[in-house]
Amino acid sequence: SLNFSGDKNNKNLPYSVLNKGSNGVSIMYEAMKELDYPVKLVLENIKDKSLDAVQIVITPGNKTNFDINDDEIRDWIGEGGTLIFLCDEWEWVEADFGEKVDAFYSLNDKKASEYHYENGNFILGDSDLLSNRALTKDTEGAYWILEKIGEWDVEAVEFNEFYQYLDPQQRSLWSDIPKGIKFIIYQIVFLIAAIIFYKGRRFGKPIPLYEEVERTENEYVYSVA
C-alpha cells in the first residue's frame, strides 16, 4: 500500500507538463523548450486567451468540463484562434463545425484530424500522441503536431491545464482521500469481514454434548423430610 501511494504517476495529474510519469507530457514540454519554442503552462479559460497563441488541451477521457462544441470555444476559433484538443477515446468526440483538411495515421489507425473553421484551425486527436509513454516508442505524432504548429501563424504555444483542474463531480471526503489510503481502508474492511465470517461460521453439524450432573448432598433426606 505504501509503495502504491508513493508512485509518482498517482500523485500528479495525468497529461500534465509537471507529470514525469508515463501518463504525463513533460517530455514534449521540455523538448519544445530545448528547441526554443515559446512554450509555457497556463491555467486560464480559452475564451479569455489571445488569438496569437495556440492552446494545447489534453484531458483524460471524453467526459470532462471541456466541450469542443461550446459556443464560446467555437466563436474563439472562428475569430482566428488555434486549438489542439487531445483526449482518451477521442474517436467519440465529434466537432459540429469546421472542415476537415488533414489527418494523421499511425499503423493505419487514424490518430488525429485537423479542421479549419472561418479564421481559425483546430486539431482533435489521441492523447497518446504527446504522452511520455508514447514518445518513448513513437515520435511521428509529435512531429506531425510540430509541423502543424509551424504552419499556423502563432507567437506562442501554451499547454492549457485549466480544464484538468475543474472537477465536474461534487467534492467529498472520500474523493479527496489518496488512492493509497483508500487501498489500506479496503484491506481493513476485508480483514474485518473475514474475521466475522471465520468466527461466525459453523464447521459441520452440531453435536450434542452430554454431561454428568452431580446431585446435591443429602437430596434424598431432604426429600423425605
Transitive ILVMFWY side-chain link Val157 to Leu35, under 4.5 Å: yes
Has the side chain of Gln164 got a donor or acceptor atom that lies under 3.5 Å from a matching backbone atom of Pro14? yes
Given 3.5 Å as the limit, does a donor-acceptor pair link the side chain of Asn69 with the main chain of Asp96, or not? yes
Start with the C-alpha gap between Ser113 and Trp90, add the side-chain angles, then the distance that decides, and say whether side-chain contact (heavy atoms from CB on, under 4.5 Å) holds. CA-CA 10 Å; Ser113 298; Trp90 74 279; 4.2 Å; yes
Donor-acceptor pair, Tyr117 side chain versus Glu79 backbone, under 3.5 Å? no
Closest heavy-atom pair and its distance - Ile46, Tyr163: N-OH, 3.2 Å
Could you walk me through whether Asp109 and Ser106 pass side-chain hydrogen bond (donor to acceptor under 3.5 Å, both in side chains), step by step? CA-CA 5 Å; Asp109 292 332; Ser106 177; over 6 Å; no
Verify, without hydrogens or angle tests, whether Glu91 (side chain) and Lys110 (backbone) share a donor-acceptor contact under 3.5 angstrom. no
As an exercise, state the distance from NE2 of His116 to CG of Asp102, rounded to the nearest 0.5 Å. 13.5 Å
Count the heavy atoms belonging to other residues, nucleotides or ligands that lie under 6.0 Å from CD of Glu217, then report whether that count exceeds 12. no
Leu124 to Ala95 - nearest heavy-atom pair and separation: CD1-CB, 4.0 Å
Should Val154 and Asp52 count as side-chain neighbours, where that means a heavy-atom distance under 4.5 Å? no
Supply the atom-to-atom distance Gln55 CD to Phe85 CZ, rounded to the nearest 0.5 angstrom. 13.5 Å
Does Ile196 belong to the same Ile/Leu/Val/Met/Phe/Trp/Tyr cluster as Ile188, with side-chain heavy atoms less than 4.5 Å apart forming each link? yes
Ion pair Glu151/Lys148, N-O distance below 4.0 Å: yes
Heavy-atom closest pair, residues Leu129 and Gly141: CD2-CA, 3.8 Å
Between CG of Leu107 and CG of Asp138, what distance do you get to the nearest 0.5 Å? 7.0 Å
Do Val189 and Tyr186 belong together in a cluster built from hydrophobic side chains that touch within less than 4.5 Å? yes
Any side-chain to backbone donor/acceptor pair from Ser26 onto Asn19? Under 3.5 Å, distance only. yes
Do the side chains of Val42 and Val25 join up, straight or via other hydrophobic residues, at under 4.5 Å, putting them in one cluster? no
How about Asp48 and Asn45: do any of their side-chain heavy atoms sit closer than 4.5 Å? yes
Below 4.5 Å, heavy atoms only, C-beta onward: do Trp144 and Ile123 meet side chain to side chain? yes
Out of Glu114, Lys111, Glu147, which residue meets the side-chain contact (heavy atoms from CB on, under 4.5 Å) rule with Phe104? Lys111
Ile68 vs Val93, side-chain contact (heavy atoms from CB on, under 4.5 Å): CA-CA, chis, key distance, verdict: CA-CA 8 Å; Ile68 188 67; Val93 180; 3.9 Å; yes
Would you indicate whether the side-chain heavy atoms of Tyr143 and Glu140 approach each other to under 4.5 Å? no
Same cluster or not: are Leu41 and Ile145 linked, directly or through other Ile, Leu, Val, Met, Phe, Trp or Tyr residues, by side-chain heavy atoms under 4.5 angstrom apart? yes
Go through Met28 and Leu135 one step at a time and tell me if the side-chain contact (heavy atoms from CB on, under 4.5 Å) criterion holds. CA-CA 8 Å; Met28 185 66 178; Leu135 290 181; 4.0 Å; yes
Any side-chain heavy atom of Ile84 sitting closer than 4.5 Å to one from Val57? no
Taken to the nearest 0.5 Å, the spacing of Asp70 CG from Asp75 CG works out to 8.5 Å
Parallel, tilted or perpendicular for Phe97 and Phe122, by the 30°/60° rule? tilted
Say you draw a straight line from CD1 of Ile58 to OG of Ser16; how long is it, rounded to the nearest 0.5 Å? 9.5 Å
If you compare all heavy atoms of Leu83 against all heavy atoms of Val54, which two are closest, and at what distance to 0.1 Å? N-CG2, 4.4 Å
Separation of Asp67 CG from Glu72 CD (nearest 0.5 Å): 11.0 Å
Are the side chains of Thr216 and Tyr222 in contact, using a 4.5 Å heavy-atom criterion? no
Taking the side chain as every heavy atom from C-beta outward, state whether Leu146 and Met32 have any pair of such atoms under 4.5 Å apart. yes
N/O donor-acceptor pair under 3.5 Å between Asn160 side chain and Glu44 backbone: yes
Can Tyr115 and Asn121 be said to form a side-chain contact (heavy atoms from CB on, under 4.5 Å), step by step? CA-CA 6 Å; Tyr115 297 84; Asn121 300 278; over 6 Å; no
Of Asn23, Asp88, Asn132, which is the lone residue that meets side chain to side chain donor-acceptor pair (under 3.5 Å) with Tyr15? Asp88
Where is the tightest heavy-atom contact between Ser22 and Ser131, given as atom of each residue plus distance? O-CB, 4.3 Å
Phe66 side chain reached by Ile73 side chain, heavy atoms, under 4.5 Å: yes
Okay, side chain of Trp76, backbone of Lys49: is any donor-acceptor separation there less than 3.5 Å? yes
